[in-house]
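Beneath this line is the structure, given in C-alpha cells, with notes to follow.
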Amino acid sequence: MRIPPIPRVMRQETISLRRMDDGGGYAQPVEVTRCRVDRAAGLAPNDWQLTQGCTARVLIDATEYGGDVAEGDLVVFDGESHAVASVKRIDHPDGTCHHWEVDAR
C-alpha cells in the first residue's frame, strides 16, 4: 500500500536546496519545484506545530525531489536562505520516502 502524494494544489512554491558537502561548505543549489512553505504564524513546541524558533515548515514531496535533506542544509525561499533546524522523513509502509517535513530558521 502506498500513500498518495501531497496534492499539487497544496504545493505551489519553488525552493532551492543547498546540501552541506564534505569540505564544510555547501554544494550547488538544487531547485525543487512544487513544495509547500508554511510560514510561521504562531509557534508552539510540539509535533503538530512549528517548534519554537523556526520560521517555516517546508514540505518536500518525494515525487519532486529524489535526494535527501539533513540538518544544517540551506533552503532558499522568499529571497532568503534558511538553515534546516530539523527534518523528519515520512515513509510509505514499504519504507520508501513519501515526503520530508523540514523546519527552517
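Values reported hereafter were calculated over all heavy atoms of this structure, with side chains retained and with hydrogens, waters and symmetry mates removed.
For the atom pair NE2 (His99) and NZ (Lys88), the distance works out to 9.0 Å, reported to the nearest 0.5 Å.
Across every non-hydrogen atom of Leu74 and Ala83, the tightest pair is CD2-CA, 3.9 Å. A pairwise comparison of heavy atoms in Ala85 and Arg105 identifies CB-NE, 3.4 Å as the closest pair. Minimum interatomic distance between His92 and Cys97 (heavy atoms only, all atoms of both residues): CD2-O, 3.6 Å.
Cluster partners of Val32 are Ile15, Leu17, Val30, Val37, Val58, Ile60, Tyr65, Val69, Val75, Phe77, Val84, Val87, Trp100, Val102, counting Ile, Leu, Val, Met, Phe, Trp and Tyr whose side-chain heavy atoms approach within less than 4.5 Å, directly or via other members.
Screening residues 67-80 for salt bridge (Lys or Arg N to Asp or Glu O under 4.0 Å), with sequence neighbours left out, gives Arg19-Asp73, Arg39-Asp78. Residue pairs meeting the side chain to side chain donor-acceptor pair (under 3.5 Å) criterion with at least one member in residues 20-29, sequence neighbours excluded, do not occur.
Remark: Arg36 pairs with Asp38 by the side chain to side chain donor-acceptor pair (under 3.5 Å) rule, at least two apart or across chains. Annotation: side chain to side chain donor-acceptor pair (under 3.5 Å) contacts of Ser16 (sequence neighbours excluded): none. Every residue two or more places apart in sequence or in another chain that forms a side-chain contact (heavy atoms from CB on, under 4.5 Å) with Thr33 is listed here: Thr14, Glu31, Glu64.
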task: May I have the step-by-step check of side chain to side chain contact (heavy atoms under 4.5 Å, CB included) for Glu101 and Ile90, ending in yes or no?
output: CA-CA 8 Å; Glu101 295 180 0; Ile90 308 299; 4.0 Å; yes

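The shortest side-chain heavy-atom distance between His98 and Asp91 does not fall under the 4.5 Å cut-off. You'll find the side chain of Leu59 stays beyond 4.5 Å of the side chain of Arg11, heavy atoms only.
Looking at Ser81, its side chain never comes within 3.5 Å of a backbone N or O of Val76 through a donor-acceptor pair.
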